[in-house]
Amino acid sequence: MTTNQPESAPAEKSLNFLEEIIENDIARGNTRVLTRFPPEPNGYLHIGHAKSICLNFGLARKYGGLTNLRFDDTNPVKEDVEYVDSIKEDVQWLGFQWAEEHYASDYFEQLYDWAVQLIRASKAYVDDQTQEQIRTGRGTVTVPGTPSPWRERSVEENRELFAGMRSGKFADGEKVLRAKIDMAHPNMLMRDPILYRILHTDHHRTGDKWCIYPMYDYAHGQSDSIERITHSICTLEFDVHRPLYDWFIRELDIFPSHQYEFARLNLTYTVMSKRKLLSLVQTGLVSGWDDPRMPTICALRRRGYTPESIRAFAEKVGVAKRDNVIDLGLLEFCVREDLNRRSERRMGVLDPIRVVITNFPEGKTESIRCVNNPEDEAAGSRDVPFTREVYIDRDDFMEDPPKKYFRLSPGGEVRLRYGYLIRCEEVVKNAAGEVVELRCTYDPESAGGGSSDGRRVKGVIHWVSAQHAVPAEVRLFDRLFSREDPDDVEEGKVFTDYLNPDSLKVVTGYLEPALAGAAAGETFQFERLGYFCVDKDSTSSKLIFNRTVTLKDSWAKVAGR
RNA sequence: UGACCCAUGGUGUAAUGGUAACACUGCAGAUUUUGGUUCUGUCAUUCCAGGUUCGAGUCCUGGUGGGUCAACCA
């Protein structure tokens with residue numbers, strides 16, 4: 001009778017709308033789940049793609065299905081193998097493996113045959129109008145379009161012309177193949193959409209084999225169908241394309257893949273448009289696609305973000321159909337949460353003040369045992385040399401401390417982390433009045449956390465032996481844009497008006513000797529300063545660290561910094 | 001002056017006609033050899049108007065607001 005069991009076992013996590021769709025499909029007997037991630041290889045993947053990747057692969061994994069990687073390479077003008085390679089690397093780095101690798105260009109022949117089939121059925125025709133004529137003929141959102149004068153060409157003539165297009169008889173722009181649907185359709189995309197255009201351009205995979213290339217709408221659904229994709233998940237702006245997607249599948253009578261749309265990721269202070277990112281790279285406002293200030297996957301990796309943190313972020317932002325703007329702080333929270341658990345702590349100062357401990361013997365070096373990671377006992381400890389002269393961070397000393405300042409000040413006492421209590425006895429300044437040196441005394445009995453008389457201090461600061469310090473270039477990154485919604489701004493304006501002038505600061509830091517051998521990609525927490533990752537350009541003779549993210553700093557709020 | 005999509009705290013996401021919840025952020029406190037972490041507490045939410053219903057965030061109608069669509073881009 002005394003049943004005191006916690007009957008409210010953690011309610012199973014609620015489903016997002018895509019999971020509901022899939023579960024309904026499964027309930028109806030469609031148990032196979034095959035999704036696809038279909039980037040166009042015209043740029044590097046960014047955090048927005050990461051959401052899509054996590055969704056597509058995550059959904060398939062959850063329901064025992066698979067995911068294909070398909071390159072939507074139907075526009076040779078913009079595409080390049082450089083991008084193909086980077087995309088594959090980034091997807092794998094995020095922790096996902098695709099079942100099959102495909103290219104829309106592998107389907108060109110099949111797509112061509114289907115176009116001929118549509119021509120035979122009088123569902124497609126070759127249009128001789130200029131781009132301008134086609135545009136005006138399409139009407140507007142409120143005015144119906146008018147049929148092309150070439151709309152009623154005979155099947156035979158269309159076949160001949162289309163074959164001519166393929167064989168290179170015509171110049172770019174001279175002719176296009178159009179579907180014959182409805183020039184008065186309320187959905188502009190259904191007003192005889194273009195299927196093929198002539199482009200005498202080499203393709204990164206098919207070379208000069210083709211001079212006509214299919215449009216997105218004509219290639220995407222059919223590619224899904226060829227691969228027998230069950231759930232074709234894309235972003236909201238493709239919603240109006242769905243009727244066309246379905247039209248091709250119906251007219252061609254091929255495997256019925258279905259398209260579902262979700263809201264793309266938007267992040268505050270972040271430009272997500274591939275075009276704008278490309279422009280940032282091309283104008284040299286950033287050093288490249290992997291400039292650590294970019295929102296690209298490769299930049300985040302270089303900056304020290306982990307795949308786990310990005311996946312956790314994708315999980316936290318959720319999936320829905322309404323437009324959203326995620327606070328950049330959430331991404332930073334995810335990376336801190338992950339790094340806090342796994343990063344070893346090291347000491348370093350970025351803006352040094354020399355501290356001379358006057359009652360510590362000259363020439364003596366003591367070893368101080370430091371815990372590597374208080375979150376993880378298995379991380380062990382290391383010994384850090386302590387000498388008469390050390391550096392501390394300028395932030396950790398104030399000549400005129402406000403009320404709740406816990407760190408060092410004249411006459412005040414503070415603990416050197418894992419080391420001794422020191423008291424500031426004298427402040428030495430240069431001619432300009434700047435503090436250049438602090439003369440302190442230490443309490444020899446304060447090792448290990450205690451003190452000679454049991455007194456305790458609130459302030460604990462990091463330090464590094466001046467004699468042993470290792471200099472390193474430390475890059476402090478801040479958001480690239482000062483504006484919360486840079487993606488909303490017109491392309492040209494973004495770069496001129498809203499760039500954050502303080503997005504990159506480079507300083508020379510003095511680090512504890514254990515950091516000398518750090519390898520590229522390793523991330524450490526420099527106590528209280530944040531997480532730092534060894535840059536890929538770092539060498540044994542020149543150490544370079546990128547700041548991944550700062551620690552939450554409640555003192556900054558108190559001090560109004 | 002069209003078609004389609006969307007509308008829940010500051011930001012996101014849940015609630016499958018039945019007590020509006022979770023996370024981030026903010027604020028307050030405790031712990032802490034990192035002003036970090038951890039822990040506790042706390043502020044704050046259903047766009048508007050009708051209708052259906054015993055009961056509506058949820059269903060219906062109409063508004064309002066936001067978004068997408070008029071590339072031979074994807």
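Keep in mind that this is a model prediction, so the values were computed, not measured. In what follows, chains are A, B, ... by sequence order, proteins preceding strands, each numbered from 1.
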Enquirer: Rounded to whole Å, how long is the line connecting atom CG of A:Leu330 with atom P of B:G9?
Expert: 17 Å

Enquirer: A:Lys557 has a side chain; which of B:G26, B:G36, B:C69 sits nearest to it?
Expert: B:G26

Enquirer: Scan A:Val325 against the nucleic acid and name what it touches under 4.0 Å (heavy atoms): base, sugar-phosphate only, or nothing.
Expert: sugar-phosphate

Enquirer: Is A:Pro243 touching bases, backbone alone, or none of the nucleic acid, heavy atoms closer than 4.0 Å?
Expert: nothing

Enquirer: By nearest atom, which of the nucleotides B:C73, B:A70, B:A74 is closest to the A:Tyr216 side chain?
Expert: B:A74

Enquirer: For the pair A:Phe406 and A:Trp555, evaluate ring pair (Phe, Tyr, Trp, His ring centres under 6.0 Å) and give the outcome as yes or no after the intermediate values.
Expert: CA-CA 10 Å; A:Phe406 303 147; A:Trp555 165 247; 7.2 Å; no

Enquirer: Is the shortest side-chain N/O distance from A:Lys552 to OP1 or OP2 of B:U25 below 4.0 Å?
Expert: yes

Enquirer: Select one nucleotide: of B:C6, B:A14, B:G36, the one nearest the side-chain heavy atoms of A:Lys321.
Expert: B:C6

Enquirer: Return the orientation label for the A:Phe532 and A:Phe526 ring planes: parallel under 30°, perpendicular over 60°, tilted otherwise.
Expert: parallel

Enquirer: Counting only distance, no hydrogens or angles, is the base of B:G36 paired donor-acceptor with the side chain of A:Glu375 under 3.5 Å?
Expert: yes

Enquirer: Report which part of the nucleic acid A:Lys274 touches: base, sugar-phosphate, or nothing (heavy-atom distance under 4.0 Å, all strands).
Expert: nothing

Enquirer: Tell whether A:Gln525 reaches the base of B:U34 with its side chain through a donor-acceptor pair below 3.5 angstrom.
Expert: yes

Enquirer: Just call it for A:Phe238: base, sugar-phosphate, or nothing, with non-hydrogen atoms closer than 4.0 Å on any strand.
Expert: base

Enquirer: Rounded to the nearest angstrom, tell me the gap between atom CZ in A:Phe333 and atom P in B:C22.
Expert: 15 Å

Enquirer: Considering only atom P, compute the distance from B:G36 to B:U25 and round it to an integer number of Å.
Expert: 12 Å

Enquirer: Atom CG of A:Leu408 to atom P of B:U33: distance rounded to whole Å?
Expert: 19 Å

Enquirer: So, does A:Arg197 get its side chain near the phosphate of B:C73, meaning an N or O under 4.0 Å from OP1 or OP2?
Expert: yes

Enquirer: From the list B:G2, B:C72, B:C5, which nucleotide is the closest neighbour of the side chain of A:Thr142?
Expert: B:G2

Enquirer: What's the closest nucleotide to the side chain of A:Arg415 if the choices are B:U13, B:A74, B:U33?
Expert: B:U33

Enquirer: Quick one: which of B:A70, B:A3, B:G35 gets closest to the side chain of A:Met188?
Expert: B:A70

Enquirer: Look at all strands and tell whether A:Tyr213 reaches a base, only sugar-phosphate, or nothing, counting heavy atoms closer than 4.0 Å.
Expert: nothing

Enquirer: Would you find more than 12 non-hydrogen atoms of other residues, nucleotides or ligands less than 6.0 Å from A:Lys458 atom NZ?
Expert: no

Enquirer: Within the 4.0 Å heavy-atom criterion, would you say A:Val319 contacts the bases, only the backbone, or no part of the nucleic acid?
Expert: sugar-phosphate

Enquirer: Whole angstrom is fine here: how far is it from CZ in A:Arg547 over to C1' in B:G36?
Expert: 15 Å

Enquirer: Are there runs of at least three consecutive Watson-Crick or G-U pairs touching RNA chain B, with each pair's two distances under 3.5 angstrom? Give them by first number.
Expert: B:2-7 with B:64-69, B:10-13 with B:21-24, B:26-30 with B:38-42, B:47-51 with B:59-63

Enquirer: With heavy atoms under 4.0 Å as the rule, sort A:Glu527 into base, sugar-phosphate or nothing.
Expert: base

Enquirer: I need the OH-C1' distance between A:Tyr196 and B:A71, as an integer number of Å.
Expert: 18 Å

Enquirer: Rounded to the nearest angstrom, tell me the gap between atom CG in A:Asp217 and atom P in B:A70.
Expert: 10 Å

Enquirer: Tell me the interatomic distance from A:Ile326, atom CD1, to B:G9, atom P, rounded to whole angstroms.
Expert: 14 Å

Enquirer: Between B:G35, B:A71, B:G2, which nucleotide has the shortest distance from any of its atoms to the side chain of A:Arg275?
Expert: B:A71

Enquirer: Angle between ring planes, A:Phe37 versus A:His49, binned at 30° and 60°: parallel, tilted or perpendicular?
Expert: perpendicular

Enquirer: Need to verify one output field. Residue with the more 5' nearest nucleotide on RNA chain B, A:Leu551 or A:Gly450?
Expert: A:Gly450

Enquirer: Hey, does the Lys NZ or Arg CZ of A:Arg166 hover above the aromatic six-ring of A:Trp210, less than 6.0 Å from the centre and inside 45° of the axis?
Expert: yes

Enquirer: Give the ring-plane orientation class for A:Tyr216 versus A:Phe238, where under 30° counts as parallel, over 60° as perpendicular and anything between as tilted.
Expert: tilted

Enquirer: Output yes when at least one side-chain N/O atom of A:Ser14 is less than 4.0 Å from OP1 or OP2 of B:C22, else no.
Expert: no

Enquirer: What is the separation between atom CG on A:Leu236 and atom P on B:A7, rounded to the nearest whole Å?
Expert: 10 Å

Enquirer: Which of parallel (below 30°), tilted (30 to 60°) and perpendicular (above 60°) describes A:Tyr213 and A:His203?
Expert: parallel

Enquirer: Is it true that, when you exclude A:Lys169 itself, more than 12 heavy atoms of the residues, nucleotides or ligands shown sit nearer than 6.0 Å to its NZ?
Expert: no

Enquirer: Side chains of A:Glu237 and A:Thr235: is there a donor and an acceptor less than 3.5 Å apart?
Expert: yes

Enquirer: Which nucleotide wins on minimum distance to the side chain of A:Val240, given the candidates B:G35, B:C69, B:G36?
Expert: B:C69

Enquirer: B:A71, B:A70, B:U34: which one has an atom nearest the side-chain heavy atoms of A:Arg528?
Expert: B:U34

Enquirer: I want to check one thing: is the phosphate of B:U11, taken as OP1 and OP2, less than 4.0 Å away from some side-chain N or O of A:Thr268?
Expert: no

Enquirer: What contact category does A:His241 fall into here, base, sugar-phosphate, or nothing, at under 4.0 angstrom with non-hydrogen atoms?
Expert: base

Enquirer: Regarding A:Val317, tell me which of base, sugar-phosphate or nothing describes its non-hydrogen contacts under 4.0 Å with the strands shown.
Expert: sugar-phosphate

Enquirer: Out of B:A14, B:A71, B:U37, which nucleotide sits closest to the side chain of A:Ala320?
Expert: B:A14

Enquirer: With a 4.0 Å heavy-atom cut-off, tell me which residues in residues 126-139 of chain A come close to RNA chain B, sorted by residue number.
Expert: A:Gln129, A:Thr130, A:Gln131, A:Ile134, A:Arg135, A:Arg138, A:Gly139

Enquirer: Any carboxylate oxygen within less than 4.0 angstrom of a Lys/Arg side-chain nitrogen, looking at A:Arg36 and A:Glu227?
Expert: no

